[in-house]
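We name chains A, B, ... by the order of the sequence lines, and we start the count at 1 in each one.
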Amino acid sequence: MFFRNVSIKVLVEIKSFCNITHVNTILQKQTRRYKFSCLWEEEKKDDGTKWKFLEHKGPVFAPDYEPLPENVKFYYDGKEMRLSQDAEEVAGFYARMLDHEYTTKSTFNNNFFNDWRKVMTQEETKIIKDLSKCNFKEMHAYFQSVSEKNRNRTKEEKAALKAKNEEIQKEYGFCIIDGHKEKIGNFRIEPPGLFRGRGEHPKMGMLKRRVMPEDVLINCSKDSNIPKPPPGHKWKEVKHDNTVTWLASWTENVQGQAKYVMLNPSSKLKGEKDWQKYETARKLHKCIDVIRENYKTDWKAKEMRVRQRAVALYFIDKLALRAGNEKDDDQADTVGCCSLRIEHIALHKEKDGKEYVVVFDFLGKDSIRYYNEVPVEKRVFKNLELFMENKKDSDDLFDRLNTQTLNEHLKDLMPGLTAKVFRTYNASITLQRQLDELTDASASIPEKILAYNRANRAVAVLCNHQRAVPKGHSKSMEALKEKIQAKRDQVDEAEEDLREATKAAKRGSVKEKLACDKKKKALERLREQLKKLELQETDRDENKTIALGTSKLNYLDPRISVAWCKKHGVPIEKIYNKTQRDKFRWAIDMAGPEYIF
DNA sequence: CGTCAAACTTAGTATGCTCCGC
DNA sequence: GCGGAGCATACTAAGTTTGACG
């Protein structure tokens with residue numbers, strides 16, 4: 001807080017004699033900080049407007065389809081067949097995925113074949129009636145050879161390509177919003193292809209149509225340079241809605257959902273929103289005890305609706321479960337807290353020596369499995385038994401509860417409180433507590449970084465952030481183990497060397513003494529290297545199925561990390577990479593050396 | 001009140017790139 | 001220089017929340 005106030009004061013002075021848009025780089029950075037702080041300290045205008053001026057060049061469209069070379073053939077029922085351009089393009093989407101697991105699934109194949117036939121000519125549909133008679137192998141091989149060629153591009157080709165991309169980025173990748181140039185997050189329209197849902201998605205394999213300018217809505221200021229559609233085309237509509245933050249949008253055909261072009265997380269607009277999110281979490285910290293008392297009392301409520309709400313909230317708080325909205329059956333069957341079904345939990349009066357254990361086993365967001373054995377209070381256990389009475393496996397556990405009513409209740413407990421705030425809050429406070437517990441102030445920097453990663457990992461475990469085991473993990477572990485052994489041998493050798501040298505130095509001249517010193521240093525260096533390797537081993541193995549990135553990016557208040565770095569003399573670059581530093585610039589600029597909770 | 005969809009955040013994976021040991 | 005592991009980035013699917021509508 002101290003730092004922040006000083007900076008603001010100083011910056012107000014700077015601002016008083018500077019034109020913000022024309023100061024030099026250093027001042028610009030300072031000015032931005034000023035503007036951030038200022039906007040956040042002031043009551044923001046509460047009229048829902050997100051900007052006053054917005055100008056951009058519109059999105060970048062996917063490149064046109066390039067027909068296959070003549071010699072790449074498609075065969076149906078053993079016979080060569082020339083496909084129409086549209087049919088060929090869609091066939092190509094499938095051919096690319098031939099060695100992917102998707103193409104072994106009947107849902108994927110049926111959906112693809114169905115949609116493929118829709119783009120065929122009438123003659124083609126008359127012939128192509130059975131996917132299993134289609135031979136895409138030449139097409140597949142062709143695409144493989146193309147990507148192989150791309151991989152083997154010369155340095156010059158690569159540089160040229162990079163330059164071209166940068167050109168596009170420069171032109172389309174930025175917008176002007178309220179006098180500032182800001183990076184756009186996704187300025188490229190999604191190219192056509194086959195829909196790849198996660199988990200058992202009923203729509204997997206469906207054709208994702210090519211998006212045309214005629215599908216695209218543009219949002220910008222009336223008085224800005226309105227983006228031009230590609231030659232010969234028109235936008236669907238140009239609007240000037242300053243209550244939203246998107247620059248362009250279109251409706252995707254598979255699920256009928258809107259897609260948006262929005263700003264990069266480094267932008268002020270997104271940064272402010274992020275900051276607000278963590279401020280709400282801090283507010284929750286101030287009343288969490290009351291809220292916990294409150295839901296514990298409600299475990300005894302007369303109304304079943306209230307009891308269910310109280311138990312659900314307990315899970316959300318204790319286990320960091322997601323809210324769990326209802327889903328349609330044209331999506332993968334996944335659940336969160338409110339949508340848990342009887343089949344997703346099992347009750348054990350006693351399990352592995354613990355009393356009142358609830359076993360959770362369900363698929364959550366992205367069809368990631370959540371498995372957890374949790375001892376709970378007796379009262380919670382009894383309530384769950386009650387909720388499960390006379391129900392089928394496929395019935396809702398909380399049949400009197402949904403996310404809307406839960407969030408309405410939360411809003412009454414604290415303004416701005418919703419179910420997901422608990423996830424943010426518990427993640428951030430876990431980080432802070434773990435950092436305090438795991439960091440040894442006298443440890444080396446690599447050891448401190450290991451401590452940070454462990455704290456980060458505790459949060460990832462809490463939030464159930466998982467990833468596939470990296471390909472070749474066990475192999476790379478073995479290699480690392482070998483390296484460690486080799487280093488150990490080196491250390492032993494160096495120790496022996498030093499012993500000899502010490503002996504020589506005792507009776508020897510200046511020259512021998514110097515040699516001895518050198519050996520000492522060499523040994524030190526080797527020991528350092530060994531330690532580093534050993535730390536790396538622990539870190540990597542503990543990490544194999546846990547994804548740290550998601551929590552770091554979305555759940556951990558960056559001010560905690562920044563404060564920890566300052567307190568322990570760890571350079572911020574050791575914790576955050578470039579992208580992350582850009583996103584968290586507001587915290588890096590503002591945070592003092594003290595924690596936030 | 002329930003339903004729907006708009007708008008925005010959160011999520012894992014594919015791909016590209018860098019850096020390290022050989 | 002070379003190859004490959006691992007990191008960074010791009011991509012886009014899948015969530016949450018809110019507010020309009022009937």
Side-chain angles (χ1 to χ4, degrees), chain A residues 48 50 62 96-97 100 147 150-151 153 155 158 161-162 165 169 173 185-191 193 195-199 201 203-204 208 217 219 241 243-246 249 251-252 254-265 269-270 273-274 276-277 322-328 331-332 334-339 363-368 402-408 410-411 416-421 423-424 427 460 463-468 470-473 475-477 479-480 483 486 536 539-540 543 545 547-555 576-582:
Chain A
K50 307 282 168 57
R96 276 169 220 275
M97 297 177 71
H100 199 287
S147 38
N150 288 346
R151 269 197 299 277
R153 274 189 278 243
K155 244 200 286 179
K158 276 185 185 164
L161 212 63
K162 201 174 162 193
N165 264 324
Q169 165 89 29
N186 55 327
F187 57 91
R188 284 172 206 276
I189 296 234
E190 295 171 19
F195 176 77
R196 303 156 82 120
R198 314 251 168 91
H201 197 117
K203 295 196 169 184
M204 64 169 88
K208 223 171 81 165
L217 296 172
N219 194 33
D241 182 354
T243 67
V244 295
T245 65
W246 53 268
S249 85
T251 303
E252 157 272 348
V254 175
Q255 314 218 67
Q257 288 165 345
K259 298 269 188 170
Y260 301 92
V261 171
M262 287 190 192
L263 293 175
N264 187 275
L269 209 68
K270 294 279 188 192
K273 203 72 193 298
D274 211 34
Q276 263 172 26
K277 174 179 78 184
R322 297 187 186 81
N325 286 290
E326 298 283 326
K327 289 183 79 180
D328 295 335
Q331 291 169 294
T334 63
V335 297
C337 187
C338 294
S339 49
L363 297 183
K365 183 177 179 181
D366 294 310
S367 293
I368 297 293
N402 60 42
T403 54
Q404 292 94 307
T405 56
L406 175 64
N407 277 335
E408 255 156 56
L410 293 178
K411 197 174 62 193
L417 187 61
T418 63
K420 83 187 186 82
V421 179
R423 239 168 113 79
T424 311
C463 295
N464 199 41
H465 290 142
Q466 297 192 26
R467 62 168 184 174
K471 207 165 57 179
H473 171 81
K475 215 179 96 200
S476 78
M477 278 313 276
L480 189 57
K483 245 166 77 181
Q536 200 188 348
D539 214 27
R540 195 192 295 174
N543 253 343
T545 57
L548 301 189
T550 302
S551 48
K552 206 180 208 177
L553 223 53
N554 300 302
Y555 288 101
Y576 289 142
N577 67 33
K578 177 81 170 60
T579 317
Q580 293 162 350
R581 290 201 300 277
D582 279 350

Heavy-atom side-chain contact between A:Tyr260 and A:Thr245 under 4.5 Å: no
N or O in side chain of A:Arg423 less than 4.0 angstrom from B:dA11 OP1/OP2: yes
Touch class at under 4.0 angstrom, heavy-atom based, for A:Pro265 against every strand present: nothing
Sugar-phosphate only, base, or nothing, as touched by A:Thr403 at under 4.0 Å among non-hydrogen atoms: nothing
side-chain N/O A:His465 vs B:dA11 OP1/OP2, d < 4.0 Å: yes
Nearest to side-chain heavy atoms of A:Thr245, which nucleotide of B:dA6, B:dC8, C:dC11: B:dC8
Rounded distance in Å - CG (A:Leu263) to C1' (B:dT9): 14 Å
Sugar-phosphate only, base, or nothing, as touched by A:Leu553 at under 4.0 Å among non-hydrogen atoms: nothing
Touch class at under 4.0 angstrom, heavy-atom based, for A:Gly256 against every strand present: nothing
Any donor-acceptor N/O pair under 3.5 Å between B:dT9 base and A:Lys420 side chain: no
Touch class at under 4.0 angstrom, heavy-atom based, for A:Gln404 against every strand present: base
Exceeds 12 heavy-atom contacts within 6.0 angstrom, atom CD of A:Glu326: no
Sugar-phosphate, base or nothing in reach of A:Gly549, heavy atoms under 4.0 Å: nothing
Sugar-phosphate only, base, or nothing, as touched by A:Thr334 at under 4.0 Å among non-hydrogen atoms: sugar-phosphate
A:Leu410 CG - C:dT18 P separation (whole Å): 10 Å
Residue mapping more 5' on DNA chain C - nearest nucleotide basis, A:Asn577 or A:Asn407: A:Asn577
Spacing of A:Glu252 atom CD relative to B:dA5 atom P, expressed in whole Å: 13 Å
Residue of the set A:Lys208, A:His100, A:Met204, A:His201 for which side-chain contact (heavy atoms from CB on, under 4.5 Å) holds with A:Arg196: A:His100
Value in whole Å for how far the P atom of B:dA6 lies from NZ of A:Lys50: 16 Å
Phosphate-side-chain proximity, A:Thr418 and C:dT18, N/O vs OP1/OP2 below 4.0 Å: no
Selected nucleotide, minimal atom distance to A:Arg322 side chain, candidates C:dG15, C:dA13, C:dA14: C:dG15
Under 4.0 angstrom between A:Lys327 side-chain N/O and C:dG15 OP1 or OP2: yes
Side-chain touch A:Leu553/A:Gln580, heavy atoms, less than 4.5 angstrom: yes
Distance in angstrom units between A:Asp366 CG and B:dA14 P, rounded: 12 Å
Heavy-atom closest contact (A:Tyr555 atom, A:Ala427 atom, distance): CB-CB, 3.6 Å
Touch class at under 4.0 angstrom, heavy-atom based, for A:Arg151 against every strand present: nothing
Nearest-neighbour nucleotide for the A:Arg198 side chain, C:dT17, B:dA11, B:dC8 considered: B:dA11
side-chain N/O A:Lys208 vs C:dA13 OP1/OP2, d < 4.0 Å: yes
Rounded distance (Å) that lies between atom C1' of B:dT10 and atom NZ of A:Lys277: 8 Å
Touch class at under 4.0 angstrom, heavy-atom based, for A:Gln257 against every strand present: nothing
Distance below 4.0 Å between A:Thr550 side-chain N/O and B:dA11 OP1 or OP2: no
d(CD, A:Gln466; C1', C:dA14) in whole Å: 16 Å
Side chains of A:Thr550 and A:Cys463 in contact at under 4.5 Å (non-hydrogen atoms): no
Earlier contact from the 5' end, DNA chain B, for A:Lys158 and A:Ala468: A:Ala468
Spacing between A:Arg188 atom CZ and B:dT15 atom C1', to the nearest angstrom: 14 Å
A:Tyr260 vs C:dT12: side-chain N/O to OP1/OP2 distance below 4.0 Å: no
Phosphate-side-chain proximity, A:Asn325 and C:dT16, N/O vs OP1/OP2 below 4.0 Å: yes
Any A:Gln331 side-chain nitrogen or oxygen under 4.0 Å from OP1 or OP2 of C:dA14: no
Distance test, side-chain N/O of A:Lys411 to OP1/OP2 of C:dT17, below 4.0 Å: no
Closest nucleotide among B:dT10, C:dA14, C:dT16 to the A:Phe195 side chain: C:dA14
SB check A:Lys578 A:Asp582 (cutoff 4.0 Å): yes
Pair A:Asn402-A:Thr405, side-chain donor/acceptor within less than 3.5 Å: yes
Sugar-phosphate, base or nothing in reach of A:Gly336, heavy atoms under 4.0 Å: nothing
Short side-chain N/O contact from A:Lys259 to OP1 or OP2 of C:dC11, under 4.0 Å: no
First of A:Asn554 and A:Val244 reached from the 5' end of DNA chain B, by closest nucleotide: A:Val244
Given DNA chain C, 5'-ward residue of the pair A:Gly364 and A:Tyr576, judged by closest heavy atom: A:Tyr576
Shortest side-chain distance from A:Arg467, nucleotide among C:dT17, B:dT13, C:dA14: B:dT13
Residue-phosphate contact under 4.0 Å: A:Lys162 side-chain N/O, B:dC17 OP1/OP2: no
